[in-house]
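What follows is a set of notes on a single structure, which appears directly below.
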Amino acid sequence: QAHVVESGGGVVQPGGSLRLSCSVSGSRFSAYGIVWHRQRPGEQREMVASIAVSGTTNYAPFTKGRFTISRDGSKAPAYLQMNNLEPEDTAVYYCFCGGTYWGRGVQVTVSS
């Protein structure tokens, strides 16, 4: 059973930035893709960004070039750099590993 841990959340003012991290341990996969999801208050969970084993990335339209997903290898921690944050980005952000394992999430609050 893999252990997925997100970190880097917090409270930030509109226009600010945060960098989320996702670390994975104990995975049975030799390599895995990472998908960041989020769940805003009262809403369903939605995909934010993904990075495949190949390094190919994909973003939800609402990221509008503000978010960047990255990692240094197919088993390395993954990051989500979020710039120009908006109050609508307030959510719990989750890391999903290898199409199988979820982290417990990290709170991001964008408020003045």
For residues 87-98, the salt bridge (Lys or Arg N to Asp or Glu O under 4.0 Å) pairs (sequence neighbours left out) are Arg38-Asp89, Arg66-Asp89
Rounded to the nearest 0.5 Å, the CD atom of Glu46 sits from the CZ atom of Phe62 at a distance of 4.0 Å
Could you list the donor-acceptor pairs under 3.5 angstrom formed between side-chain atoms of residues 105-112 and any protein atom two or more places apart in sequence or on another chain?
residue: Gln107; atom: NE2; partner: Ala91; partner atom: O; Å: 3.4
residue: Gln107; atom: NE2; partner: Thr109; partner atom: OG1; Å: 3.3

So the salt bridge (Lys or Arg N to Asp or Glu O under 4.0 Å) pairs with at least one residue in residues 50-61 (sequence neighbours excluded) are none
Rounded to the nearest 0.5 Å, the OG atom of Ser21 sits from the CZ atom of Arg71 at a distance of 12.5 Å
**Message:** Main chain of Gly98, side chain of Thr100: is a donor-acceptor contact present, judged purely on distance under 3.5 Å?
**Reply:** yes
A side-chain contact here means heavy atoms from C-beta on lying under 4.5 Å apart; do Tyr93 and Leu80 qualify? yes
So salt bridge (Lys or Arg N to Asp or Glu O under 4.0 Å) across residues 50-64, not counting sequence neighbours, yields Lys64-Glu86
Excluding Phe96, membership of its hydrophobic cluster (Ile, Leu, Val, Met, Phe, Trp, Tyr; side-chain heavy atoms within less than 4.5 Å) reads Val35, Met47, Val92, Tyr94, Trp102
Across all chains, not counting sequence neighbours, the salt bridge (charged side-chain N to carboxylate O under 4.0 Å, His left out) partners of Arg45 are none
Check: If we only count heavy atoms from C-beta on, is the Cys95 to Trp36 side-chain gap below 4.5 Å?
Finding: yes
With sequence neighbours left out, the residues meeting side-chain contact (heavy atoms from CB on, under 4.5 Å) with Gln13 are none
Sorted by chain and residue number, the side-chain contact (heavy atoms from CB on, under 4.5 Å) partners of Tyr59 (sequence neighbours excluded) come out as Ala49, Thr57, Thr63, Thr68, Ile69
Across all chains, not counting sequence neighbours, the side-chain contact (heavy atoms from CB on, under 4.5 Å) partners of Ser17 are Gln81, Asn83
For residues 2-17, the salt bridge (Lys or Arg N to Asp or Glu O under 4.0 Å) pairs (sequence neighbours left out) are none
The side-chain contact (heavy atoms from CB on, under 4.5 Å) partners of Val24 (sequence neighbours excluded) come to Ala2, Val4, Cys22, Ser27, Tyr32, Ile34, Cys97
Tracing side-chain contacts under 4.5 Å among Ile, Leu, Val, Met, Phe, Trp and Tyr outward from Val5 reaches none
